[in-house]
Amino acid sequence: MIKLNQQIRHYFGDEGFDEGIERVPTDVLIALAHTLGIFNGTTDKATLIKTFRRLWSEGESDNREMIVAFFKHEGKIYPNPKPREKPHEREEKIDELLEAFEITDAERRDLHAAFIDTRTRKITPEKIAAKIEHIRYTKKREMLEKALEGKFDYDDTLEYYAPITYNVGGESFTKIHVLKTPPLNEKRLHQEALDILVPEINALKTALTHQKQEQTNAFLNSLNLDMHRYLSREQIISSLKSAPPSTQTFGILATDVLADVLTHHLHTPITSIGSDDLIIEIKKSLSLPYRDVPLEYTLALHLDARELSRQIWDEEELSIATMIETQSKDDERAFLSELEHLVDECRERSKLLEMDNIYLYGIIYELLLPYLTHTPHISAKTSRRVLFAFDQRIAGELLKRQRQALLARTVRDFKNLFPLARSLRRRLIFHTGPTNSGKTYTAFEHLKKAGTGYYLAPLRLLALEGYETLREQGVSASLITGEEQLLDEDATHISSTIEMLSFESEVDVCVIDEVQMIDDRDRGWAWANAIIGAPAKTVIMTGSPNAREAIIALAEYLGEPLEIVEFERKNPLELLKTATPINAIEPKTAVIAFTRSNALRLKQQLSKTYRTSVIYGNLSPEVRREEARRFREGETDILVATDAISMGLNLPIKTLLFSKADKFDGQNQRNLTATEVRQIAGRAGRYGLSEKGYVGALTPDVLRTISSLFTKNIEPIALPFNVMANFDHIMLVSNILEEKSLSAIVDFFVRNMKFEGPFRAANLESMQEASAIVDRYDLDMRTKYTLATAPLSTSSPLVMAAFERYVRALEQKKPIAYIPPQRLGNYALSMEELQEAEDRIKEISLYLWLSYRMAEFFVDAEKARMFRGELNRFIETSLQQSHFVPRCKTCGKPLAPNAEFAICQSCFNNLNRAKAQQSRAAGGEKRYPPKRERR
């Protein structure tokens, strides 16, 4: 398929099929339709283009081979009109060769334009001489056309307008006709002077015009004005007067005249006739196998208005009835063949159920007929929909039959859930080392050289960087993340977030980045699944040394050979001996915070003295990327960031300072681990950007903690690994337990599922919370599962409200519009406004994620993307303005920019007094007010 895509680009100016087909003339498209055997009478270019795009996109190699063979036989190139970049070397060679010719400035410009897209080595003096002759001949033809008031055709015939007098029914009027001379002698057109050619051709025009006048007179004399078979006297005269310029004497009849003739003289019931294109619609019925009620449909017949007009003018017998019968039989024969193919596919999928034909056909008609609105045709899309619905219909009964086989084959041994990976003799390679050691760079070098490949990133931002890196180095690549896809039909490589890995597409090399994330409580299952199931001949993993034992354990479980390649850091990383005060920070420094609020407060403080960027996890990837760019390109001096920068961002950080040594991990406030300190600190002193990196802290107490963790041995990743419940597991448990509640199934899976090998069921709190919501609605299990696995920010009321709205609309099978925010200001005036904008970005991410899986319901994807851009710009401007005013969480009063707590002192005192009163009322026991906790 890739070879065919490359071949068609040759004929379309190195553009893809969808773009190039638009430049093909209508007559060539019609010829192509005849060649493929799909011509149905239409001559509308837009309809033809749509048909060919569908054929090409459906991926049938036979169709593509026939299309490529057609253009190869035609031998014509339809170049891309977009100008290419003009190489300096090519222009110099053209100028050098032109010195040997006597040419005008205009000719010089034309020659440059003619050869600017030609490869330098193919530009020769002979080709330039031939092009000069062609340019001069073209100019001569243009002068001839102007003098002769006509236009030369490709075969050297001259087309021109001639006034012809009509005398009919006692009226006289003049009509313009389009006339053509016979092909003129090409040699004489090249060689003879204009003053010789012009009189000769003018004389020829005069003779042809006279001849046309005589033909017209003869035609008018032959007309039976009062007894015409189809037309009245008034229709004849008005049709002759109103006919547009034409090469024919009689002209094409107007649509209303044709409609009148068809209505009065055709013995076939016609329901309507088109206004722009001549289409007649006839009600038909078709008997279907194993069904008593016939299929009622509308036959749309496209007519050649020119030929039909000729038959009417000449009073011939109209052949439309025969055409209707022929097309009706052809359409019905094709439909029955498509139906038989669909039935065979359904029969194959349900063969374990041994359905009889009456029952099988009954289900298919129930699913298919709603899609057959007017014409008996089963498109590829309709077939896919019916097959999907058929699978859903028989899934329950089929799974009951397969239950024992599924239990034996899939539940216990997790690696057997990935049959394609197991069929390959995979080779595992682990690149291990500290940050900035070149392990990912080396893996990318292997990936670029592979014929096909996959790059799996932990973040959408890194997937985008991987995609851009591959394309910049000449590798055809596609990008696939949960909420966007940039697809190249010629792509040999895919860069994606790790959750989007396809386990059904075999590649040569798969690079899995940051494999130490296998230990992540929420997402670690994605790395485990990828390492076990990536369908690649070579799987290259990159990660920190603490993942070594985990990778070895996985390789032993899989029984696959493992090669470990160790890397050393490329430049030193030095621990500062003293703390760095906030007013003594140097440019190219990153300050690390561990909460969004602390990051914004630090930015507020630093922005008074420094130009500052900020990056934290709640920001969208687009905003994070823009903030990183501003720091990378020197637009800002200081970067304030959470540990969101610890994975893969290549930034010119010379010094990295920790503002704190503890973080909230989703469950508890705890000290940083040695692994986290090493991973974050490794962002300093990037190789090629600075000779040495420095790591420190803002305060002495934080520096002491960081120093001890920086030199501490890293604990290896502990077994077992989390693995995620897939849809097969969910359906299997549903079948066995006869349970329709997804939340109950997920609970059962977490509590009871056991695996062979070092695995356990993944942490599924978010999925359990979403399952409890979707269970309140009448949805099929696949839809419930899709919704429950969506990227849902359960801590955001705005996102959860949107999620509830989506689920409710899906139950009602209604299209789901994206509701944009109210008009935004120039920038956020408070942290709360900024938080709302960030949550709206998450809402859009959820909407787009669902739109890729249920596009028929989520219909506003483009609109959502547009508003994501606006929200990103709003957030970027807000971060650059730094006008945030921290406010008390209780009373809303402004806090000092460096306030350590989320409430003001007054509210804190009131809270303590209230607690003390409650304590005295409860038992009179003396209690001390609690210490104020850090947020």
Side-chain angles (χ1 to χ4, degrees), residues 6-16 19-25 27-28 31 68-160 180-205:
Q6 293 170 342
Q7 288 175 349
I8 201 67
R9 283 179 172 272
H10 170 72
Y11 301 101
F12 289 160
D14 204 35
E15 277 198 321
E19 296 81 13
I21 195 69
E22 292 184 348
R23 298 194 293 277
V24 179
D27 58 336
V28 178
V68 171
F70 174 87
F71 285 105
K72 182 176 181 181
H73 181 266
E74 187 194 30
K76 186 174 180 181
I77 303 295
Y78 298 94
N80 182 357
K82 300 175 184 175
R84 296 183 181 179
E85 184 179 355
K86 300 179 180 179
H88 183 67
E89 178 184 281
R90 193 175 302 157
E91 290 189 353
E92 288 182 350
K93 181 172 182 181
I94 294 171
D95 284 332
E96 180 183 340
L97 292 176
L98 291 181
E99 293 298 323
F101 298 92
E102 293 184 7
I103 56 175
T104 65
D105 289 342
E107 288 173 339
R108 179 179 294 274
R109 287 193 297 272
D110 290 344
L111 288 164
H112 266 280
F115 288 100
I116 197 63
D117 289 329
T118 307
R119 292 184 181 178
T120 304
R121 61 186 177 81
K122 291 189 176 183
I123 303 174
T124 64
E126 293 78 12
K127 289 184 178 179
I128 287 182
K131 181 58 70 175
I132 290 173
E133 182 181 353
H134 173 73
I135 290 171
R136 289 172 178 172
Y137 176 57
T138 301
K139 296 291 185 184
K140 182 179 180 182
R141 280 170 63 107
E142 291 173 356
M143 295 169 67
L144 267 174
E145 289 175 340
K146 185 175 181 181
L148 296 169
E149 297 179 343
K151 192 75 175 177
F152 281 105
D153 209 341
Y154 68 93
D155 60 350
D156 293 325
T157 63
L158 179 71
E159 185 178 281
Y160 65 98
K180 286 187 178 182
T181 68
L184 301 174
N185 187 290
E186 182 184 8
K187 185 175 181 181
R188 291 197 66 208
L189 290 176
H190 271 83
Q191 297 176 356
E192 292 286 3
L194 291 178
D195 55 358
I196 295 175
L197 291 171
V198 171
E200 286 186 13
I201 299 175
N202 272 331
L204 178 59
K205 285 174 58 182

Whether K205 engages the ring of Y160 as a cation-pi pair (distance to the six-membered ring centre under 6.0 angstrom, angle to the ring normal within 45°) should be assessed. yes
Quick one, R23 and N80 - any side-chain contact, counting heavy atoms below 4.5 Å? yes
Quick check on E149: does its CD atom have over 12 non-hydrogen neighbours (other residues, nucleotides or ligands) under 6.0 Å away? no
Euclidean distance, E200 CD relative to D195 CG, rounded to 0.5 Å: 10.5 Å
CG of L194 to NZ of K146: how many Å apart, nearest 0.5 Å? 12.0 Å
For E192, is the CD atom crowded, meaning more than 12 foreign heavy atoms sit under 6.0 Å from it? yes
Using 0.5 Å steps for rounding, measure from the CZ atom of R188 to the CD1 atom of I201. 8.0 Å
Atom CD1 in I132, atom OG1 in T104: separation rounded to 0.5 Å? 9.5 Å
Can you list the residues that meet the side-chain hydrogen bond (donor to acceptor under 3.5 Å, both in side chains) rule with R141, with sequence neighbours excluded? Y137, D156
Report yes or no: does K131 contribute a side-chain atom to a donor-acceptor pair with the main-chain N or O of A114 at less than 3.5 Å? no
Checking H112 against D95 for the side chain to side chain contact (heavy atoms under 4.5 Å, CB included) test, could you report, in this order, the C-alpha distance in whole Å, the side-chain angles of both residues, the deciding distance, and whether it holds? CA-CA 8 Å; H112 266 280; D95 284 332; 2.6 Å; yes
Is any side-chain heavy atom of L158 closer than 4.5 Å to one of L204? no
NZ/K140: more than 12 non-hydrogen atoms of other groups inside 6.0 Å: yes
Apply side chain to side chain contact (heavy atoms under 4.5 Å, CB included) to residues K127 and K122 and explain how you reach the verdict. CA-CA 9 Å; K127 289 184 178 179; K122 291 189 176 183; 3.9 Å; yes
Mind checking what makes ring pair (Phe, Tyr, Trp, His ring centres under 6.0 Å) contact with F71, not counting sequence neighbours? F12
Evaluation steps, side chain to side chain contact (heavy atoms under 4.5 Å, CB included), between H190 and E133: CA-CA 9 Å; H190 271 83; E133 182 181 353; 4.1 Å; yes
Would you compute the distance between atom CG of L111 and atom CD of E107 and round it to the nearest 0.5 angstrom? 7.0 Å
Contacts of D27 meeting side-chain contact (heavy atoms from CB on, under 4.5 Å) (sequence neighbours excluded), chain-then-number -> P25
Working to the nearest 0.5 angstrom, can you tell me the gap between Q6 CD and R9 CZ? 8.5 Å
Run K139 and E142 through side chain to side chain contact (heavy atoms under 4.5 Å, CB included) and show every step you take. CA-CA 5 Å; K139 296 291 185 184; E142 291 173 356; 3.9 Å; yes
